[in-house]
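Okay, so here's the structure we're looking at.
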Amino acid sequence: MKNLKGIFSALLVSFNEDGTINEKGLRQIIRHNIDKMKVDGLYVGGSTGENFMLSTEEKKEIFRIAKDEAGDAIALIAQVGSVNLKEAVELGKYATELGYDSLSAVTPFYYKFSFPEIKNFYETIIRETGSPMIVYSIPFLTGVNIGVAQFAELFENPKIIGVKFTAGDFYLLERLRKAFPNHLIYAGFDEMMLPATVLGVDGAIGSTFNVNGVRARQIFELAQQGKIKEAFEIQNVTNDLIEGILGNGLYQTIKGLLEEEGVQAGYCREPMTKSLTDAQKKVVKELKAKFL
Ligand code: HMN
């Protein structure tokens, strides 16, 4: 298994206007991340990949294209979580056969699953695939909160190697770091990367790294070296960019910025708004001029 620490872009997917996958564009996004953003790895099939709006076959196609384009150049994590456990297992087997370095799965959502049900969800995917697993915890979208005691239960399974922590609860993050010094913890909010790094995360997984990966690495490495003032300055610039992105439509704007960089990032998938208005395109140009 590759080193799974460091900076991981949550991979965007390029779609054509009719919603089909634009393979050429997807390959260009992957190359941009490897060649220009110099990321350590890709998180494939996450929220940023518009994953929860796709069919099983489309998810597989994206896993296949990403592995084919990236090869062994960087680490690859496949997000296979779904409320359909059978689908999660099928995707997990597929990504494992392709040679992904780890699986990850969002906590099952929509229904109010009990913790034993959530635990069984992870145990089943691991048993069926034999792959390592990173829990994807994103309470603000799933409504699922996992505390220290529950993580301790999950981590009893040696195949559960870490957590992608997309939350702003820094008390919980500090408690997790202290309780589990040997598990991988990833920061999931790019705008809070500096405080998360100070608290000792092993890496970060972010959507904005597709266009801001170089600054993200600087924040991460400076903070690890204790150069907080320098890291803070770069986080400030980064957050000016992120504020602009969030105010203009998250994934559409990152795609717009990639298009400005010559990458065919394409459309978003409905029910998300497919593309930017002229006024939003103007904001993209301003963000590009200021931050890229
Ligand atoms: C994913 O699954 O793709 C991840 O959630 C990526 C990452 O955690 C992003 N979260 C979401 O988009 C929900 C963040 O990078 C986020 O986009 C960024 O911090 C802006 O808020």
Side-chain angles (χ1 to χ4, degrees), residues 4 8 10-11 43-60 62-63 77-96 100 102-177 179-180 183-189 192 196 201 205-207 250 269 271-272:
L4 289 175
F8 283 67
L11 185 66
Y43 189 80
V44 186
S47 324
T48 308
E50 301 174 54
N51 174 75
F52 303 105
M53 296 174 283
L54 307 183
S55 72
T56 311
E57 288 316 308
E58 288 170 321
K59 293 176 190 181
K60 284 185 176 172
I62 292 161
F63 287 142
I77 301 172
Q79 196 298 121
V80 301
S82 160
V83 261
N84 177 350
L85 177 53
K86 283 188 189 301
E87 184 195 38
V89 167
E90 184 179 335
L91 293 171
K93 284 182 176 166
Y94 187 75
T96 302
Y100 274 69
S102 180
L103 301 180
S104 178
V106 69
T107 50
F109 50 90
Y110 189 75
Y111 300 101
K112 296 283 174 211
F113 296 106
S114 67
F115 180 68
E117 288 170 334
I118 292 171
K119 194 175 168 198
N120 178 60
F121 170 84
Y122 287 108
E123 301 281 351
T124 304
I125 301 171
I126 291 164
R127 192 177 58 245
E128 296 287 330
T129 63
S131 268
M133 168 63 68
I134 295 162
V135 174
Y136 177 8
S137 178
I138 181 162
F140 96 100
L141 289 182
T142 59
V144 181
N145 285 287
I146 304 184
V148 180
Q150 293 175 325
F151 273 112
E153 257 195 68
L154 290 173
F155 289 160
E156 274 170 22
N157 184 328
K159 289 277 186 188
I160 304 189
I161 58 172
V163 54
K164 167 164 144 45
F165 186 87
T166 306
D169 184 343
F170 289 119
Y171 176 46
L172 177 59
L173 178 57
E174 183 273 339
R175 291 288 84 190
L176 289 174
R177 180 72 296 169
F180 312 110
H183 281 79
L184 292 166
I185 305 181
Y186 299 92
F189 274 129
M192 300 184 228
V201 294
I205 298 170
S207 63
L250 175 58
R269 170 84 164 226
M272 274 190 192

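Since this is a predicted model, take the numbers as computed values, not measurements. We number each residue from 1, following the sequence as shown.
Considering only heavy atoms from C-beta on, F165 comes within 4.5 Å of L176 through its side chain. Counting heavy atoms from C-beta on, the side chains of V163 and I146 never come closer than 4.5 Å. Side-chain contact between I77 and Y100 is absent, with no heavy atoms from C-beta onward closer than 4.5 Å. Considering only heavy atoms from C-beta on, L91 stays 4.5 Å or farther from S82 through its side chain. Residues K164 and Q79 form no side-chain contact, since every pair of their non-hydrogen atoms from C-beta on lies 4.5 Å or further apart. The shortest distance between side-chain heavy atoms of I125 and L85 falls below 4.5 Å. You'll find the side chain of F151 stays beyond 4.5 Å of the side chain of I160, heavy atoms only. No side-chain heavy atom of S137 sits less than 4.5 Å from a side-chain heavy atom of V144.
Between atom CG of residue N145 and atom CG of residue L172 there is a gap of 8.5 Å, rounded to the nearest 0.5 Å. One finds the NZ atom of K60 at 10.0 Å from the NZ atom of K93 (value rounded to the nearest 0.5 Å). Here the CG-OG distance, from L184 to S102, works out to 8.0 Å after rounding to the nearest 0.5 Å. The distance from the CD atom of E50 to the NZ atom of K59 is 12.5 Å, given to the nearest 0.5 Å. How far CZ of F115 is from CD of Q150: 5.0 Å, rounded to the nearest 0.5 Å. Separating the NZ atom in K159 from the CD1 atom in I126 is a distance of 8.5 Å, to the nearest 0.5 Å.
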Using the rule given for side-chain contact (heavy atoms from CB on, under 4.5 Å), can you reason through V80 versus T129, listing the C-alpha separation, both sets of side-chain angles and the distance that settles it, and then say yes or no?
CA-CA 11 Å; V80 301; T129 63; over 6 Å; no
Before giving the answer on side-chain contact (heavy atoms from CB on, under 4.5 Å), spell out for I138 and F109 the whole-Å C-alpha distance, their side-chain angles and the decisive distance to 0.1 Å.
CA-CA 10 Å; I138 181 162; F109 50 90; over 6 Å; no
I185 and F180: side-chain contact (heavy atoms from CB on, under 4.5 Å), yes or no, with the steps?
CA-CA 9 Å; I185 305 181; F180 312 110; 5.6 Å; no
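Here the shortest heavy-atom pairing between A10 and S207 reads CB-N, 3.9 Å. Considering every non-hydrogen atom in both R177 and H183, the closest pair reads NH2-O, 2.7 Å. The minimum heavy-atom distance linking A167 with P139 is given by the pair CB-CD, 4.2 Å. Here the closest non-hydrogen pair linking I161 and P132 is CD1-CB, 3.8 Å.
Less than 6.0 angstrom separates the ring centroid of Y43 from the ring centroid of Y136. The six-membered or imidazole ring of F63 lies away from that of Y94, with a centre-to-centre distance of 6.0 Å or more. Ring to ring, F121 and F113 are not that close: their centroids are 6.0 angstrom or more apart. Ring-centre distance between Y110 and F52: not below the 6.0 Å cut-off.
Exactly one residue among T166, L4, V201 makes a side-chain contact (heavy atoms from CB on, under 4.5 Å) with Y186. That residue is L4.
At a cut-off of 3.5 Å, with distance as the only test, a side-chain donor of T96 or S131 sits close to an acceptor on the other residue.
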